[in-house]
Asks: 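I'd like to ask some things about the structure below.
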Amino acid sequence: MEQSLEQSFVKQLKDNQNIIHKICRLYTSGEDAHNDLFQEITIQLWKAYPKFRGDAKFSTWAYRVALNTAITLYRKSTRTVNTMEFDTAKHFVKQEEYDYEEEEQIKLLYKAVYQLNDIEKALVFMYLEDKNYEEIAETLGISEVNARVKMNRIKGKLKKILNP
């Protein structure tokens, strides 16, 4: 049973690790911090996985866990995190290299998104991932109407930041 749970987790994580990388990129500003956050999110996902009931898609659940982990860890001014040893799970997922040499426009967009608050960042991220407002609302724990209103306001903010 434990082996099949582990295999299922590994497959789901491999299929969805790009969203975790994108969240890490939104909430960190360097490769070391990115890798640390990726590892912490993976640990939190694994710890919570036995309680994953499948009521929502794995990707939606992973978004929620990853965003909550990122927001919790990076709101702290000291940015020190007590992590647990996880040597038994080294073999889970080999972290693929993440390309930091992205196009200039994407860098500018990320620079603008960094200026938003944590909830706005999460909303933009999910919007850019083509999540519908229903899924965004469910993940963030807000109403669908509120998600739409917030997104329209965020679009205005980003336009002002990118085109002063």
Side-chain angles (χ1 to χ4, degrees), residues 10-46 48 56-83 86 92-164:
V10 170
K11 181 185 181 332
Q12 294 281 13
L13 188 60
K14 281 182 180 178
D15 292 346
N16 292 282
Q17 76 171 313
N18 284 338
I19 62 172
I20 298 169
H21 279 299
K22 290 175 185 173
I23 290 171
C24 292
R25 188 168 185 189
L26 278 177
Y27 288 92
T28 62
S29 59
E31 189 173 353
D32 289 341
H34 177 107
N35 291 337
D36 288 347
L37 181 56
F38 184 92
Q39 179 181 2
E40 187 61 29
I41 290 170
T42 301
I43 290 168
Q44 295 306 319
L45 286 168
W46 172 244
K57 292 191 298 188
F58 179 86
S59 61
T60 302
W61 175 78
Y63 273 121
R64 179 171 273 164
V65 172
L67 286 169
N68 286 337
T69 302
I71 289 169
T72 299
L73 295 181
Y74 286 90
R75 274 189 175 165
K76 295 177 181 178
S77 59
T78 59
R79 294 190 181 204
T80 57
V81 178
N82 293 331
T83 58
F86 211 60
F92 273 172
V93 177
K94 182 180 179 195
Q95 185 173 333
E96 296 173 8
E97 289 299 316
Y98 192 75
D99 182 12
Y100 287 94
E101 302 301 322
E102 303 249 338
E103 299 170 14
E104 191 61 31
Q105 288 181 342
I106 293 175
K107 288 180 185 178
L108 290 173
L109 179 62
Y110 273 99
K111 200 173 195 178
V113 170
Y114 278 133
Q115 296 177 42
L116 301 174
N117 70 41
D118 291 338
I119 298 301
E120 291 170 336
K121 284 179 189 176
L123 211 152
V124 166
F125 169 70
M126 295 185 76
Y127 181 82
L128 292 174
E129 286 292 304
D130 292 326
K131 298 299 176 189
N132 62 41
Y133 284 108
E134 181 182 348
E135 192 169 358
I136 291 171
E138 178 186 339
T139 301
L140 297 179
I142 59 177
S143 72
E144 190 173 336
V145 171
N146 194 353
R148 289 178 187 276
V149 170
K150 283 183 181 289
M151 193 63 228
N152 283 330
R153 290 180 182 157
I154 293 167
K155 286 177 185 177
K157 269 187 178 180
L158 288 174
K159 283 179 187 173
K160 286 181 182 175
I161 292 170
L162 292 169
N163 300 312

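All values derive from a computational prediction rather than experimental measurement. Residue indices begin at 1 and follow the sequence shown.
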Asks: Can you measure from NZ (Lys111) to CD1 (Ile161) and round to the nearest 0.5 angstrom?
Replies: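 The NZ atom of Lys111 sits 12.0 Å away from the CD1 atom of Ile161.
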Asks: With side chains defined as the heavy atoms from C-beta onward, is the minimum distance between Leu26 and Val124 less than 4.5 Å?
Replies: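 No, too far: nothing below the 4.5 Å cut-off.
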Asks: Using a 3.5 Å distance criterion without hydrogens, assess whether the side chain of Tyr63 forms a donor-acceptor pair with backbone atoms of Leu140.
Replies: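 No; zero donor-acceptor contacts below 3.5 Å.
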Asks: Quick check for you: to the nearest 0.5 Å, what is the distance between Leu37 atom CG and Asp32 atom CG?
Replies: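 That separation rounds to 12.5 Å.
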Asks: Could you measure the distance from the CG atom of Leu67 to the OG1 atom of Thr139? Nearest 0.5 Å is fine.
Replies: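 Taking CG in Leu67 and OG1 in Thr139, the distance rounds to 8.0 Å.
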Asks: If you look only at pairs with a residue in residues 149-164, which of them pass as a salt bridge (Lys or Arg N to Asp or Glu O under 4.0 Å), with sequence neighbours excluded?
Replies: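 Output for this query lists Glu120-Lys157.
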Asks: Which distance, rounded to the nearest 0.5 Å, do you find between the NZ of Lys121 and the CD1 of Ile71?
Replies: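 The NZ atom of Lys121 sits 9.0 Å away from the CD1 atom of Ile71.
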Asks: How far apart are the C-alpha atoms of Leu116 and Leu158, what are their side-chain angles, what is the distance that settles it, and do they pass the side chain to side chain contact (heavy atoms under 4.5 Å, CB included) test?
Replies: CA-CA 9 Å; Leu116 301 174; Leu158 288 174; 4.0 Å; yes
Asks: With rounding to the nearest 0.5 Å, note down the distance linking CH2 in Trp46 to CD1 in Ile43.
Replies: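 That separation rounds to 12.5 Å.
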Asks: Which atoms form the tightest heavy-atom contact between Leu45 and Ala62, and what is the distance?
Replies: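 It is CD2-CA, 3.8 Å.
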Asks: Specify the closest pair of heavy atoms between Phe38 and Cys24, including all atoms of both residues, with the distance to one decimal.
Replies: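 That would be N-SG, 3.4 Å.
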Asks: Provide the closest heavy-atom pair for Asn117 versus Ile119 in the form atom of the first, atom of the second, distance.
Replies: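 Looks like OD1-N, 3.0 Å.
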Asks: For a 4.5 angstrom cut-off between non-hydrogen side-chain atoms, does Lys22 reach Leu128?
Replies: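 No, too far: nothing below the 4.5 Å cut-off.
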Asks: Anything under 30° is parallel, anything over 60° is perpendicular, the rest tilted; go ahead and classify Phe58 against Trp61.
Replies: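 Phe58 and Trp61: tilted rings.
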Asks: I need the minimum non-hydrogen distance between Leu123 and Met151, along with the two atoms involved.
Replies: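 Here Leu123 and Met151 meet closest at CD2-SD, 3.2 Å.
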Asks: Are side-chain N/O atoms of Glu40 and Thr69 paired as donor and acceptor at under 3.5 Å?
Replies: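 Distance-only check fails for Glu40 and Thr69.
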Asks: Once you round to the nearest 0.5 Å, how far does CD1 of Ile23 lie from CE of Met126?
Replies: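 With rounding to 0.5 Å, CD1 (Ile23) is 8.0 Å from CE (Met126).
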Asks: Using ring-ring contact (aromatic ring centres under 6.0 Å, His included) as the criterion, list what pairs up with Tyr127, not counting sequence neighbours.
Replies: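 For Tyr127 there are no ring-ring contact (aromatic ring centres under 6.0 Å, His included) partners, ignoring immediate neighbours.
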Asks: Looking only at heavy atoms, what is the nearest atom pair of Ser29 and Tyr114, with distance?
Replies: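 Closest pair (atom of Ser29, atom of Tyr114, distance): CA-OH, 4.1 Å.
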Asks: Any side-chain heavy atom of Gln17 within less than 4.5 Å of one from His21?
Replies: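 Yes, at least one pair of side-chain atoms sits under 4.5 Å.
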Asks: Looking only at heavy atoms, which two atoms of Leu162 and Ala112 are closest? And how far apart?
Replies: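 Closest heavy-atom pair between Leu162 and Ala112: CD2-CB, 3.7 Å.
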Asks: Can you check whether Ile19 reaches Glu129 side chain to side chain, under 4.5 Å on heavy atoms?
Replies: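 Of all side-chain heavy-atom pairs linking Glu129 with Ile19, at least one is under 4.5 Å.
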